[in-house]
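Read the structure below first, then the notes.
Proteins get letters first, then strands, A, B, ... in listed order; numbering begins at 1 in each.
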Amino acid sequence: MTPPPALPPALAGFFTRRHWALHPHQVEMLDRKDAPSLLLIAPTGGGKTLAGFLPTLVELAEGDRPGLHTLYVSPLKALTNDIRRNLAIPIEEAGLAIRVEDRTGDTGQAQRKRQRADPPHILLTTPESLALMVSYPDAARTFAGLQRVVVDEIHALAESKRGDQLMLCLSRLQALAPGLRRVGLSATVDDPAVIAHYLARHPDPCPVLRADPGPPPDIAMLSTTEAPPWAGAGGRYAIPDVLEQVRRHRTTLIFHNTRAQAEIFFHHLWLANEDDLPIGIHHGALSREARLRVEQAMVDGRLRAIVATGSLDLGIDWGDVDLVIQIGAPKKVKNLVQRIGRANHRYNAPSKARLVPANRFEVVECLAALDATREGTLDGDLRLDGPRDVLCQHIACVACAGDFHEDDLFAEVRTVGPYSMLSRAAFDRCLDFVATGGYALRAYDRYQRLKERAPGIWGLRDPRAARQIRMNLGTIIDTDTLKVRFRGRGGMPLGQIEEGFAATLTPGDTFLMGGQVVRFESMREMTVEVSPNPSREPRIATFMGYKWSTSVQLAERIQQILHRGDFDRFPDHTREWLELQARFSRMPEPGRLLVETFPRDGRHHLCLYGFAGRNAHQTLALLVTRRMEEAGLDPLGFVATDYAVLIWGLRPVEDVAPLLAHDGIHAALDGWLNGNAVMKRTFRNAAIVAGLIDRNFPGKRSSGRQATFSSDILYDTLRRHDPDHLMLSITEEEAMRGHIDFGRVELLLDTVGDRIDQVALPRVSPLAAPLFLEMGRVPIKGAAEGRLIQEEAGRLMAEAGLTLD
Amino acid sequence: MGNGHAFTFAGERMVARPSGALHWPAAGLLVVSDLHLGKSERMARRGGSLLPPYEIVETLARLDADIAATDPAAVISLGDSFDDMDAAAALPQDVRDRLAATMAGRDWTWVTGNHDPAPTGLGGHAADGVTCGAVTFRHVATDDGRHEVSGHYHPKASLSVRGRAVSRPCFLRDDRRLILPAYGTYTGGLRTRDRALSQLMGAGARAILAGLPMVEIPMPR
């Protein structure tokens with residue numbers, strides 16, 4: 001179909017022998033191989049990796065060039081292994097003299113050294129390993145001849161600090177190899193302009209090349225025999241229907257939004273699996289061994305279904321998946337698209353997906369997500385907010401490689417899309433932080449990390465510090481986790497749980513791990529010992545399973561659907577519910593804020609339908625309850641979901657408008673924010689990335705935990721003695737857009753203005769009713785915790801037969 | 001209860017204070033352990049992280065508050081008062097002045113620790129241990145210790161409250177020993193479940209959690 005491009009004879013022969021024809025987008029990648037930046041959007045199975053490497057193979061086949069030609073960066077080690085195997089086929093069969101090697105955390109010391117001195121033609125690596133290579137004094141020589149960099153799964157990288165770090169490293173490489181061309185590969189049909197801006201050297205343009213997306217996917221809601229419950233997230237009600245689908249398909253992927261949900265669902269799926277269908281589970285908290293076992297079984301075609309979370313989102317090559325089931329609403333449209341991409345790896349065959357809403361509200365969200373996917377509207381915002389903690393780490397990394405001029409480095413950093421708006425003052429503060437700690441008290445002038453050797457020229461004061469900086473490179477912060485093993489069985493690890501969760505366990509407690517119920521026996525060193533337990537009702541592991549918030553665009557769609565009132569598209573149970581709401585109260589409307597008040601159980605309730613996501617709602621609730629407190633309205637507690645927040649108290653709120661006034665919310669939040677646990681967690685992560693807290697020390701084994709002290713104390717100390725410190729301002733910035741999601745609260749209040757529809761009702765409305773069943777009620781903080789601690793201590797003492805003196 | 005948790009040790013009434021200090025009212029004695037003054041400076045000196053350099057001020061402010069509240073005739077700093085000898089030597093003048101004011105008019109003993117083995121030259125007297133009545137004070141607990149008060153381990157205990165873990169520095173006590181929590185601001189902790197601590201403490205040992213509210217629980221092991 002596509003006329004074969006002018007391939008070098010060796011490669012052309014290979015394609016002919018294999019009867020391979022190039023896809024149009026692969027040809028176009030070859031045609032435009034000299035573009036400084038190029039972003040390819042191709043569906044899974046569309047030969048996107050070959051498209052990325054083809055120009056490299058052609059250039060290397062054409063002439064014998066020594067040195068590093070192409071750098072391939074992927075977010076997953078597993079991907080670099082895959083790619084190396086896949087590249088070996090054309091290279092060997094076409095008889096090309098091309099050396100391909102990978103460089104990850106698993107690469108041995110000798111090999112690493114050799115790679116820096118004598119790099120292969122193609123080097124496959126991860127952002128962290130690349131940062132490490134950039135930090136060596138010989139980086140200039142290693143990367144001098146570099147021609148191309150291929151960033152795989154760039155959509156996934158662009159969502160995290162790993163991507164920011166990578167882009168900073170690319171700006172360094174671009175300085176070392178000015179002719180460097182960048183290629184980004186994205187499987188997801190994302191908002192391409194956002195990713196393109198992220199990838200390109202600013203202000204270079206970055207054309208976007210789209211592969212034929214293939215036939216439209218076959219997606220629908222799964223019809224279930226039982227109606228979804230009013231609240232909840234697990235989707236257990238749909239298990240018989242899901243099993244039926246598994247029976248009818250070859251291989252089914254069942255996706256969940258959190259690890260804990262995946263565990264619980266898998267557990268109950270097993271209990272209901274009377275045909276003993278081979279079904280596995282896969283998520284990031286399982287041990288590497290457990291994951292590899294499932295992956296291998298999957299590749300061998302031995303599994304009929306696999307219950308999974310985000311760990312399967314990225315493009316590892318799986319077997320013959322012909323159905324994807326998504327349990328719970330896909331909180332962002334692109335997650336849905338990506339998950340659907342997993343079904344049917346064959347290019348040009350429609351993929352099939354079924355959605356299972358976990359509760360009534362999610363029925364509406366699923367419908368909105370389906371609409372968005374069909375219409376191809378996806379959500380995404382340009383990233384212009386390069387995080388400064390990552391920049392601090394980058395400055396230290398660059399210093400490890402040798403002295404630098406501050407003006408040069410600043411200019412270099414500004415070529416990175418997310419940092420293109422960075423001010424010189426902001427950069428200087430980061431530089432000062434790396435050099436001296438950035439304290440108001442100039443305590444460390446003698447011990448500073450960086451020294452200004454000549455005006456504007458900076459370098460490490462003590463070259464030996466490089467080792468420690470290198471050991472702490474990277475932006476992935478593990479929460480402290482403990483390994484879980486069966487007691488006395490030669491220690492096969494089952495997976496990991498958070499230290500905080502482990503600390504709440506007492507011997508005899510049961511929880512889910514890898515789909516089975518286990519009983520906590522003891523804690524030994526840093527390992528949790530468990531025994532198998534056949535009981536059916538476990539305590540649930542509170543994994544860090546990340547809870548997504550519904551995206552702005554999706555929330556907007558949901559409101560539109562509700563407001564339009566064409567409920568005929570809904571299943572009966574949901575249609576009746578919504579019609580009742582329309583009669584009894586009113587429907588939320590885009591651009592307005594519906595607020596219902598009603599009495600129940602002797603308390604006054606206030607329900608705000610903000611559709612701003614759980615995090616923003618939680619912040620909104622804290623804000624409103626604080627103002628209620630000041631107004632003497634005696635709030636008692638609240639619960640927040642993605643759609644609404646329900647607040648209860650002792651007095652009725654006659655007029656909600658003053659509680660939502662935009663003025664002074666910054667000040668109102670300030671006091672609350674500072675002591676908040678969310679802020680402390682945010683501080684810890686930023687402090688680790690920026691290099692204030694080291695995770696790893698050269699030659700130091702972690703004997704006990706006596707050496708480390710809590711970052712909370714650093715946070716409190718800084719706040720008291722140096723409130724303007726850079727780390728505190730980074731923390732605030734991060735919190736505002738992350739857990740606090742303050743941006744979204746402001747957006748909501750700005751959009752709504754005075755367009756508030758307050759409805760006083762005699763009793764709870766149909767739309768508000770599910771909120772009474774939600775988990776995660778937050779009491780308004782008082783002396784409650786202290787009282788609970790005293791109660792618990794009393795219980796423990798009585799149990800142990802001890803009395804106070 | 002607001003100002004501490006009273007208990008009987010070696011037949012004497014002692015008070016564990018929320019800050020981690022031990023008050024023995026009848027003897028007019030206040031004991032603190034593991035101040036680790038100068039820890040941030042020491043880390044910076046060794047090329048480590050540049051931690052916020054405010055911990056000395058922070059620790060001394062708490063010590064001043066405890067002294068003001070208890071007005072002790074004697075104070076024992078139970079070892080590891082300084083993160084190392086250089087840190088003691090490098091104390092800035094304003095800190096020395098402040099410390100001198102805190103010490104003035106009190107019988108002050110710097111017990112030597114593994115981090116600060118030599119006398120400090122900051123006033124007061126240095127000793128490997130102190131005996132007061134039936135009670136012996138030293139930095140590290142000994143195997144055959146009896147009525148012995150020590151520090152060194154930085155014990156901390158955690159307690160599960162409605163599914164949430166609350167972890168705090170703690171005092172540990174049994175019939176023979178009393179181990180104090182670390183008093184310094186930048187000091188980590190060692191879980192009571194650690195073998196070093198669970199082997200040291202007897203069967204009926206208890207943990208008194210520092211901080212507010214102060215509670216006593218069976219030592220978690």
Side-chain angles (χ1 to χ4, degrees), chain A residues 433 436-439 441 443-444 446-449 461-462 464-465 468 499-506 522-525 539 542 691-694 697 704-710 713-714 716-718 720-722 725 727 785-794 796-797 799-800 802 804-805, chain B residues 5-9 13-14 36 39-41 43-55 57-58 61 92 153-156 158-168 182 184-191 193-197 204 206 209 211-220:
Chain A
F433 169 80
T436 69
Y439 300 107
L441 186 70
Y444 297 134
R446 275 182 302 162
Y447 308 128
Q448 49 183 257
R449 276 191 149 180
R461 173 179 65 90
D462 180 352
R464 284 171 300 181
Q468 180 136 352
E499 196 180 356
F501 175 69
T504 68
L505 294 172
T506 45
S522 62
M523 188 122 67
R524 221 176 153 154
E525 317 275 274
R539 246 183 99 174
T542 56
L692 177 62
I693 302 174
D694 287 329
F697 300 93
R705 308 292 300 276
Q706 203 179 353
T708 63
F709 51 91
S710 133
I713 288 170
L714 288 187
D716 288 337
T717 311
L718 260 185
R720 256 197 297 279
H721 298 280
D722 205 345
H725 192 263
M727 283 316 304
E785 189 181 87
R787 210 184 58 240
L788 289 176
I789 289 175
Q790 275 164 339
E791 277 171 21
E792 178 64 10
L796 287 172
M797 292 292 276
E799 208 176 280
L802 298 173
L804 295 175
D805 296 341
Chain B
H5 179 91
F7 59 96
T8 308
F9 181 74
R13 181 177 170 273
M14 309 259 177
H36 285 270
K39 178 161 181 165
S40 59
E41 191 252 12
M43 288 184 75
R45 182 170 3 108
R46 298 190 163 190
S49 323
L50 302 173
L51 297 177
Y54 308 109
E55 100 283 5
V57 182
E58 192 74 24
Y153 289 102
H154 303 198
K156 69 172 177 185
S158 50
L159 172 77
S160 155
V161 179
R162 300 243 172 125
R164 264 168 37 94
V166 177
S167 177
R168 301 227 203 108
T185 297
Y186 292 171
T187 47
L190 186 67
R191 286 187 190 284
R193 296 182 204 279
D194 190 279
R195 203 168 297 163
L197 283 170
R206 304 146 180 238
L209 271 55
L212 284 174
M214 290 198 85
V215 293
E216 185 167 28
I217 58 173
M219 173 180 165

Assess whether a salt bridge exists between B:Glu58 and A:Arg720, defined as any Lys/Arg side-chain N lying under 4.0 Å from an Asp/Glu carboxylate O. yes

Can you list the steps and then say if B:Glu41 with A:Tyr444 is a side-chain hydrogen bond (donor to acceptor under 3.5 Å, both in side chains)? CA-CA 8 Å; B:Glu41 191 252 12; A:Tyr444 297 134; over 6 Å; no

If you define the side chain from C-beta out and look only at heavy atoms, does anything of A:Phe433 sit under 4.5 Å from A:Leu692? yes

Counting heavy-atom pairs closer than 4.5 Å to chain A, which one of B:Pro155, B:Ser40, B:Gly204 comes out on top? B:Ser40

Counting only heavy atoms closer than 4.5 Å, note whether A:Tyr439 contacts chain B via side chain, backbone, both or neither. both

With only heavy atoms counted, which part of A:Arg464 is less than 4.5 Å from chain B, the side chain, the backbone, both or neither? neither

Between B:His36 and B:Tyr186, is the gap from one ring center to the other below 6.0 Å? no

